[in-house]
Amino acid sequence: MSSLTSALPPAQGTGARIARWGLYLILLLFAAYYLLPLLLMITTSFKSPEEIRTGSLLSLPRDFSLDAWSYAWNRACIGADCRGMAPYFLNSIVIVVPAVVISTIFGALNGYALTKWRFRGANIVFGMILFGSFLPSQVILLPMAQTLGALGLAGSAGGLILVHVVYGLAFTTLFFRNYYVSIPDDLVKAATIDGAGFFQIFTKIMLPLSLPILVVTIIWQFTQIWNDFLYGASFAAGGAQPVTVALNNLVNTTTGVKQYNVDMAAAMIAGLPTLVVYVLAGKYFIRGLTAGSVKG
Amino acid sequence: MTMQTPSLRPAAGEDAGAVPGSATPQKAGGLRAVAQRHLSKLVVAPSFAAILLFVYGFIAWTVYISFTNSKMLPSYDLVGAEAFSKLWRIERWYVAIENLLIFGGLFIGISLVIGILLAVLLDQRIRGEGALRTIYLYPMALSFIVTGTAWKWILNPGIGIQQFVRDLGFPAFTFDWIVQQDTAVYTLVIAAVWQSSGFVMALFLAALRGVDQEIIKAAYLDGASLPRIYWGIVLPSIRPVFMSAFVILAHLAVKSYDLVVALTGGGPGYASDLPATFMYEMTFRRNQIAIGSASALMMLATVVAIIVPYLYSELKGGKRV
Amino acid sequence: MATLSINNVRKQYGSVEVLKGIDLDLTDGEFLVLLGPSGCGKSTLLNMIAGLETISAGEIRIDQRVVNEVHPKDRDIAMVFQSYALYPNMTVARNIGFSLEMRGQSKTERDGAIRRVARLLQIEHLLDRKPAQLSGGQRQRVAMGRALVRDPKVFLFDEPLSNLDAKLRVDMRTEIKKLHQRLGTTVVYVTHDQIEAMTLASRIAIMKEGVVQQFAPPQEVYERPANMYVASFIGSPTMNFVRGTLSAEGDRLGVSVGRERSGFLPLFQAPEQAGHWLGQEVILGIRPEAITCYDPAIAAGNPALVKVACGVNVLEPTGADTITYVELNGHEVVARIKPSDRVAEGETADFMIDMARANLFDPKTEQRI
C-alpha cells in the first residue's frame, strides 16, 4: 500500500512547510486524545492511594509501586470473593481457548466447502450464516439462557464456550470464505485429478496456504471473546465469570474506600492480553476489522 | 486479500471457473461414494444447523415470547401484542429511544468526520504513520469495560478533568455532564467516538490506498489543488466505503451495551439508557420478559432495516462480500 | 496410450445447453485440438473428459471403458491447466510427485519417477524450489511434469501456453510437439489460438456455441472448411468472401462477381451439386495467398489460374510477403503478394486467382457447397 499522494511531487516553499507542521500537530493532538485513557490507567495503577488523592490527574507516579497490581491480582474483593482477578482471568482463558479453536476450525471448513465445493443454495446458506454477525445479542439472550438451562450448561464455562462458538461462526466463516474465494479453483481440480479427496485437499493444499487468514481469524476471535461482557454477564454465574464481568463488579463495588489504583490495575490486567496481541499483530487485527466491511 | 504467489492467478476468461459446481467429482456406487458426493454439504451442515437454531430459531422464540404475558418465567399463552403496546407506554423506553437517536446520530456523524479527517491526513506521506495508526486504532482492541474504567474517572467531576482544570487555576470550570440528567448521554458519545473513530480511519485509509493513482496524476496535471482532488475526486470515488462505515457504525450504535454499563450504568436514574440496557433491565431485573423480548425485537427490526438492504446489494453486486 | 470416444455428449446448466451433442473419436496416439472462442464449450468438454464436470447426456469412453461415472483419479488421465495450478506450498518435486503420493507410492518409488520426468523436461535443478521462485516457462514445465509422471493414457491440456509471452509460447509449442512425438500418448488440447491448433493437431475440432463445426486434420480444415465460420476462424488474414452468382459460360461453370463480364471467374473443379445452384447467389471463398500478382510464365502452366485486373488500395508489407487490399469488381479483397512484386497503391494491376483453391458457400446456411 502506498500513499495516494505519493504519485505527486512534494509541495515546496514556506507555506507548505507551515502546513506540514500543522499537519503533524493535528495528528499528534489526536494521538494524545486516543492515548490519554490508557496512559491514565497505566500511571494511576502504579501510584499509591495517597498520591492519587494529592497529586494531579496526569502526573507520572512519584513512587513507582506494584502494590495495586498484586492486590488486584490476588486479593481484591469481587462481590464477597476476595481472591482477586486471578481466578477470573483463568476462567477467561478456559473459555477463550476452546471457543477460538473450535469456531476457527468450523469457519475454515465452512469457507472451504462454500467456495471450492459449491452446492445448490450455497450462497443462501452463506448469506444466512453471515447475518448472524449483525445480530443484536439481546434477541437471543433469553432463549439462550433457557436453552443453556435445559442443557445443564447454565452458569458454566461450557455454556459460554458454546455461545461464543455459535455466534463466532458468522465471522470465522466470512473470513475464510472471502480468503478461499481468491484461491484458484484450478488447484482443487488439479488435486482432484491427482487423486486427493475432500479432506486431503483441505489439509494438504488449502490449510498450508491459509496461514495469514488463520492468524486474522484467531486474533479476531480471541479479541472478541476475551472482551465479551454481555454473554459473560448473562450466562456465567459466580465463580465461572470471565474477567470482564469480574472487573465490572470490582469497579462498581460500592462498599469500602474506592481504591482507584486497584481499579486501574485490575482494568489493565483484564485488558493486557488483547492489548499485547494488538501491539504484536495489529496488522492482522486491522485486516479482521476491515475484512467484513470492505469489498475485496 | 491478495496472495503473494504469482502462480495463483485465477484462470482468466474461459468458461470453466465461472460455473457453479465446477469442481464436483463424479459419483460412483456405494454408500461411501454418496457420502463423498455430499461431503461439502455435510461439512457445512453442523454450522448451518447451529445457526438455524441459535439465530433464527431463537428469533422465532423471542417473537413468540413477546406475544405472551411472560413475567419472571416464560409462559406460553399467547395474549396478542399486549407487550408491544405496554412497551410503547413506558416512559423509560421513550428515553432509551430518544437517547439512541441522539447518541446514534452524533456518534456516527462525528466518527465519520474524525475518521475521514485522520485517514486523509495520514495519507500525506507521514513519518511514523504506522505508529500513529496503531495508536488511533487500539481502543477497538480493548473491551470498553476496561477502558470505561478510565473514562469514568476522566469524566467524574470530583476527580477528573473538571478538578484537573480547576486545580490549574480555573475554579469556575465545570464539566459534569456525566452526573447531569440531560447531558449524560453526550458522555456516551465522547467515549464511543473515541473507541470507534480509529476504525473508521482504518476503513477509509485502506480505501484511499486502493484509489487509482493515475486519476490523481491526471487531476494534478489538470491543475487541481490537493484539497480539491480529495474533495472532488478521491472521496466520491470511494463512496461505497461511506456506506459500509455507516452501516457498521449504525449497527454498533444499536447494539451499544458495554459502553453504557461501564460509563453511566444508564444513569443518573435512567437518563442515559439505551435500548440494549433497557432490554437487559426489563428481562433480567424487572421480570418483564415479554416486554424485554418486545424491545429486543425492536432493536432487531432496526438492525435488519439497516443491514439487509446493504447485504443484499453487496452479495448481488460483487460476488465477493 | 488409448483411444478416446465421445458419443453425443451434452451438458446443461439448468435450461442452458452448453454442449449440444458432441461426437468425436480418437485413435490411439492422436493429438486432438479443441479450437474455438471463449464460451464455445471447449473447456467444459475438456473438464468432462477429466471428470471435473458431470455429463448431462451421452457417454465418454477411454479405451472402450465408459468413464461417465468414474472418479477423475481413476480415469488414468492427467491435465495441464492454463494457470498451471501448481501447489504453492509444495516444492517442485512434491508437486510432481503429489499424484503418486496420493496413490500411496513409497518415497523411493516416487523419487525415481520424479527424477525421470525432471530429466525429460530439464528441470532437475529446480526440484527443491517452490513455484513462486520459478519463471513462467519453468512453471509450465513443472505443470507438464506433474502430468507426465503418472504415464497416463490421455493427456489433457487447457490452454497451457496462453500465460506465456510470445517467444516462450513458440518454444514451448515446439517442445510439446516433440514430447508428443516421443511419447505417442493420446492428447486433447484446448486452445483459442489457431496457430497452436494448426501446428500441433493431428485433427482439429472447431467448436462454436456448443457444436462441433468441423472435425478434420488441420490441412483439410484450412483448405476445405466446412462452413464460413470455420473458414474465417482459421487463417490470417482471413479468407475473402465475395458474393456472386453461379453462372455458366459455354460449358464452364463459374461465379459472376459484379455486373461486368470480366467478373466471371470459372471454377476449376465445380462441386457435384453445383448444377442445382445455377443462377443463384453463392459466396465465393478465396484465401489471400490464392490471389497473387499475375505472372504469365506461371499462369501458362496452370489452367486453374484466372487473370483479373484489380485496383490496388493499400499495401501492408510484413517482410515475408505483402498484404494487399485490392478491388475485385467492386469488392475489396485481400491478396498476399511477394515483396518483389512491383505494384503501387492507386494503380490498377493484373492479378491471378487460383480457382482450384476456391470454396463455395451457401449464403443462407453458410455451409460449404
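What you see below is based on every heavy atom in this structure, not just the backbone, and it leaves out hydrogens, waters and symmetry mates. All values derive from a computational prediction rather than experimental measurement. Labels below follow one simple rule: chain letters A, B, ... track the order of the sequence lines, proteins then strands, and each chain is numbered from 1.
The pair Asp123(B)-Arg209(B) meets the salt-bridge criterion, since a charged nitrogen lies less than 4.0 angstrom from a carboxylate oxygen.
For the side chain to side chain donor-acceptor pair (under 3.5 Å) condition, the pairs that include at least one residue of residues 32-41 of chain A, sequence neighbours left out, are Tyr34(A)-Ser197(B).
Only the backbone of Ser133(A) comes within contact range of chain B, judged by heavy atoms closer than 4.5 Å. Only the side chain of Tyr280(B) comes within contact range of chain A, with heavy atoms under 4.5 Å apart. Residue Tyr136(B) touches chain A through both its backbone and its side chain, counting heavy-atom pairs closer than 4.5 Å. At a 4.5 Å heavy-atom cutoff, Ala266(A) makes no contact with chain B through either its backbone or its side chain. Interface residue Leu109(A): backbone and side-chain heavy atoms are both found under 4.5 Å from chain B. With a 4.5 Å cut-off on non-hydrogen atoms, Thr244(A) touches chain B through its backbone and its side chain both. Residue contact with chain B, scored on non-hydrogen atoms closer than 4.5 Å, is absent for Tyr112(A). If you measure heavy-atom distances from Leu38(A) to chain B, the contacts under 4.5 Å come from both the backbone and the side chain. In this structure, the portion of Arg20(A) lying under 4.5 Å from any heavy atom of chain B is its side chain and not its backbone. Interface remark: Ile126(B) contributes backbone and side-chain atoms alike to the contact with chain A (heavy atom separation under 4.5 Å).
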Tell me which donor-acceptor pairs under 3.5 Å the side chains of residues 54-64 of chain B have, and how far apart each pair is, sequence neighbours excluded?
residue: Tyr56(B); atom: OH; partner: Met128(A); partner atom: O; Å: 2.8
residue: Thr62(B); atom: OG1; partner: Val139(A); partner atom: O; Å: 2.5
residue: Thr62(B); atom: OG1; partner: Phe58(B); partner atom: O; Å: 3.0
residue: Tyr64(B); atom: OH; partner: Tyr76(B); partner atom: O; Å: 2.9

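Ring planes of Phe134(A) and Tyr310(B): perpendicular class, angle over 60° (limits at 30 and 60°).
Among Gln195(B), His251(B), Lys152(B), the residue making the largest number of heavy-atom pairs under 4.5 Å with chain A is His251(B). Put simply, of Leu168(B), Leu300(B), Val254(B), Ile114(B), the one with the most heavy-atom pairs under 4.5 Å next to chain A is Leu300(B).
Within 6.0 Å of the CG atom in Leu221(B), the count of heavy atoms belonging to other residues, nucleotides or ligands exceeds 12.
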Criterion side-chain contact (heavy atoms from CB on, under 4.5 Å) on Phe126(A) and Asn110(A), from CA distance to verdict: CA-CA 9 Å; Phe126(A) 175 62; Asn110(A) 290 344; over 6 Å; no
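Counted by atom type alone, Ser137(A) and Tyr231(A) present one or more donor-acceptor pairs between their side chains at under 3.5 Å.
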